[in-house]
Novice: 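Got a structure here, written out as structure tokens. Questions coming.
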Amino acid sequence: KAGVTQTPRYLIKTRGQQVTLSCSPISGHRSVSWYQQTPGQGLQFLFEYFSETQRNKGNFPGRFSGRQFSNSRSEMNVSTLELGDSALYLCASSLAGGISLNEQFFGPGTRLTVL
Amino acid sequence: AQSVTQPDIHITVSEGASLELRCNYSYGATPYLFWYVQSPGQGLQLLLKYFSGDTLVQGIKGFEAEFKRSQSSFNLRKPSVHWSDAAEYFCAVGGYGGSQGNLIFGKGTKLSVKP
């Protein structure tokens, strides 16, 4: 079974631009979560989607948004990029429902650099 | 507030020596606990998890962890470290309240292995 895939793997943008990152979960997984990883703040939860609905959201500004499609693939968007948005963005998928929801499988991440 | 503390930022051990990485959590009920490993430039790989039952859990790559409720700890151990174990290790807790879609991570412990 293929793992979680994320595209692109690397991205360079300039301040003020917007960016869209994509995540394809493991086949059969219906929950997708996004995390931001930086050296200073570590791993921080962005949001979680299930059945095309955002169920949970972390403490990030509204410039960070996401969505999930009917095939469980997910995208996250960051508008008006700031230097501080430079980070590794990780996507994780898990099965739906109950305790299994918490066992998350991570993709390799998208490394975003904002200049 | 829920939190995870990994007291050691960086640990160096000799190849063949034993390893223990510490993790303490703050949580209002029985937590779901995880250890992940991250190699440079990669995503997170699940090493092991604790949901309930036996407090000593076995994981992949020869790792084990012990849940101690009285100490709010979930330390990771390995009897004999291999050079390929050099990586960063993250402890995480999940499943609190109605927010089941996200994990709270510690800041990580970077493991270096001396030949």
Side-chain angles (χ1 to χ4, degrees), chain A residues 3-7 9-10 21 23-26 29-51 53-60 66 68 74 88-111, chain B residues 1-10 21 23-25 27 29-53 57 59-60 65 67 74 87-110:
Chain A
V4 178
T5 58
Q6 292 187 246
T7 56
R9 290 292 311 277
Y10 301 91
L21 312 181
C23 171
S24 293
I26 292 171
H29 286 195
R30 296 171 63 189
S31 170
V32 173
S33 298
W34 288 89
Y35 295 82
Q36 181 196 64
Q37 185 178 24
T38 59
Q41 299 299 315
L43 281 150
Q44 295 184 285
F45 171 74
L46 281 157
F47 28 65
E48 184 249 346
Y49 286 86
F50 175 74
S51 290
T53 300
Q54 186 183 92
R55 292 200 298 190
N56 196 12
K57 189 178 190 304
N59 189 27
F60 277 82
Q68 186 180 33
S74 177
L88 181 66
Y89 289 89
L90 293 164
C91 166
S93 76
S94 60
L95 290 169
I99 199 170
S100 64
L101 178 65
N102 290 277
E103 185 167 354
Q104 300 190 350
F105 296 85
F106 284 79
T110 294
R111 171 73 62 185
Chain B
Q2 292 80 5
S3 65
V4 176
T5 302
Q6 294 180 246
D8 304 305
I9 296 173
H10 191 188
L21 302 182
C23 173
N24 293 96
Y25 64 89
Y27 187 76
T30 300
Y32 302 149
L33 293 160
F34 306 82
W35 275 99
Y36 285 87
V37 62
Q38 184 178 36
S39 298
Q42 301 298 314
L44 301 173
Q45 181 183 22
L46 180 66
L47 284 175
L48 47 75
K49 60 187 183 289
Y50 172 78
F51 288 167
S52 65
V57 293
I60 62 172
F67 170 59
F74 188 57
E88 192 156 18
Y89 292 79
F90 293 91
C91 180
V93 63
Y96 66 94
S99 303
Q100 293 190 32
N102 60 290
L103 296 173
I104 298 172
F105 286 88
K107 293 291 189 183
T109 298
K110 184 175 181 180

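Note: hydrogens, waters and symmetry copies are ignored here, and every other heavy atom, side chains too, is used. Since the structure is predicted, the reported quantities are computational estimates derived from the model, not experimental observations. Order of the sequence lines fixes the chain letters, A, B, ..., with proteins taken first and strands second; residue numbering starts at 1 for each chain.
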Novice: Need one label for B:Gln45: side chain, backbone, both or neither, based on atoms under 4.5 Å from any heavy atom in chain A.
Specialist: neither
Novice: Step through the shown structure and confirm whether more than 12 heavy atoms of other residues, nucleotides or ligands are within 6.0 Å of CD1 on B:Ile9.
Specialist: no
Novice: Among A:Gly42, A:Pro108, A:Gly109, single out the residue with the greatest number of heavy-atom pairs under 4.5 Å to chain B.
Specialist: A:Pro108
Novice: Against chain A, label B:Leu46 side chain, backbone, both or neither, depending on which of its atoms sit under 4.5 Å from a heavy atom there.
Specialist: side chain
Novice: Which residues satisfy the side chain to side chain donor-acceptor pair (under 3.5 Å) test with B:Thr5, sequence neighbours excluded?
Specialist: none
Novice: For A:Leu43, which atoms come within 4.5 Å of any heavy atom of chain B: side chain, backbone, both, or neither?
Specialist: both
Novice: Among B:Phe67, B:Tyr50, B:Phe51, find the residue that satisfies the ring-ring contact (aromatic ring centres under 6.0 Å, His included) test when tested with B:Tyr32.
Specialist: B:Phe51
Novice: Against chain B, label A:Gln44 side chain, backbone, both or neither, depending on which of its atoms sit under 4.5 Å from a heavy atom there.
Specialist: neither
Novice: Apply side-chain contact (heavy atoms from CB on, under 4.5 Å) to B:Gln42 and list each qualifying residue two or more places apart in sequence or on a separate chain.
Specialist: B:Ser39
Novice: Do the side chain of B:Gln6 and the main chain of B:Gly108 share a donor and acceptor less than 3.5 angstrom apart?
Specialist: yes
Novice: Where does A:Arg9 contact chain B at under 4.5 Å (heavy atoms): side chain, backbone, both or neither?
Specialist: side chain
